[in-house]
Each structure stands twice: as C-alpha cells, then as structure tokens.
Amino acid sequence: MNAKTAIDPWLLERLVCPLTRTPLRHDAAAQELISDAAGLAYPIREGVPVMLIDEARPLGGETL
C-alpha cells in the first residue's frame with residue numbers, strides 16, 4: 001500500500017460498521033474494511049473508506 005492509499009490508524013480504530021455498530025477489520029490486500037458481524041466488506045477507494053451499506057460487498061457470495 002502506498003502513501004496515497006494508506007488509511008490513518010487513528011481513523012481505523014474508530015470506524016464501526018454502520019449496520020451493526022461493531023468494529024471492523026482492515027484487509028489491506030483487498031483494500032476493504034470487513035464487518036464479520038454483518039458479513040459485509042466496505043471498499044476503500046483512494047484511501048477513503050466508503051461506509052455506505054449499498055456500496056458494501058457481501059462476504060461469501062450472499063446478496064443484500
């Protein structure tokens with residue numbers, strides 16, 4: 001990950017899933033924030049987390 005797409009660790013510690021309000025885990029390789037509780041992956045685009053449920057990718061192939 002380069003400096004342009006790096007996410008501030010302070011921010012990562014404070015972000016929660018907008019659906020479940022549970023902590024997220026960072027998948028740096030996929031550039032996503034994972035909500036295990038909701039089964040969703042929120043994209044990170046150009047270093048900015050997109051915390052919209054409609055933009056999240058379902059984990060495991062489910063559909064929203």
Side-chain angles (χ1 to χ4, degrees):
M1 178 166 29
N2 63 36
K4 182 179 178 184
T5 60
I7 295 182
D8 184 348
W10 180 89
L11 178 63
L12 284 175
E13 290 177 11
R14 285 152 181 80
L15 288 175
V16 295
C17 174
L19 184 64
T20 64
R21 303 287 188 229
T22 56
L24 300 165
R25 70 182 159 85
H26 183 218
D27 182 342
Q31 285 294 287
E32 295 178 324
L33 294 175
I34 308 296
S35 171
D36 292 311
L40 296 172
Y42 297 94
I44 300 170
R45 297 185 183 133
E46 296 182 22
V48 178
V50 180
M51 303 304 298
L52 301 171
I53 296 167
D54 291 343
E55 294 288 323
R57 176 181 65 80
L59 299 176
E62 309 96 34
T63 57
L64 291 176

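Judged as a salt bridge (charged side-chain N to carboxylate O under 4.0 Å, His left out), the pairs with a partner in residues 25-40 (not counting sequence neighbours) are, in order, Arg25-Asp36, Glu32-Arg57. The side chain to side chain donor-acceptor pair (under 3.5 Å) contacts involving residues 10-20 comprise Thr20-Thr22, where partners must be two or more places apart or lie in separate chains.
Contact check for Ser35 versus Tyr42: side-chain heavy atoms found under the 4.5 Å cut-off.
Rounding to the nearest 0.5 Å gives a distance of 7.5 Å between CD1 of Ile7 and CG of Leu15.
Taking Ile, Leu, Val, Met, Phe, Trp and Tyr as hydrophobic and joining them when side-chain heavy atoms fall under 4.5 Å apart, one finds Leu52 in a cluster with Val50.
Gly47 and Pro49 get closest at one heavy-atom pair: O-CD, 3.7 Å. Leu59 approaches Ala41 most closely through the heavy-atom pair CD2-CB, 3.8 Å. The two residues Ala56 and Pro43 have their closest heavy-atom pair at CA-CD, 4.4 Å.
By the side-chain hydrogen bond (donor to acceptor under 3.5 Å, both in side chains) test, Arg45 pairs with Glu55, sequence neighbours left out. A search for side chain to side chain contact (heavy atoms under 4.5 Å, CB included) contacts involving Pro23 returns nothing, not counting sequence neighbours.
By the criterion of side-chain heavy atoms lying less than 4.5 angstrom apart, applied directly or through intervening Ile, Leu, Val, Met, Phe, Trp or Tyr residues, Leu11 is not grouped with Val16; the two fall into different hydrophobic clusters.
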* To do: In sequence, state the C-alpha distance, the side-chain angles, and the governing distance for Ile44 and Leu33, and then conclude on side-chain contact (heavy atoms from CB on, under 4.5 Å).
  => CA-CA 7 Å; Ile44 300 170; Leu33 294 175; 4.0 Å; yes
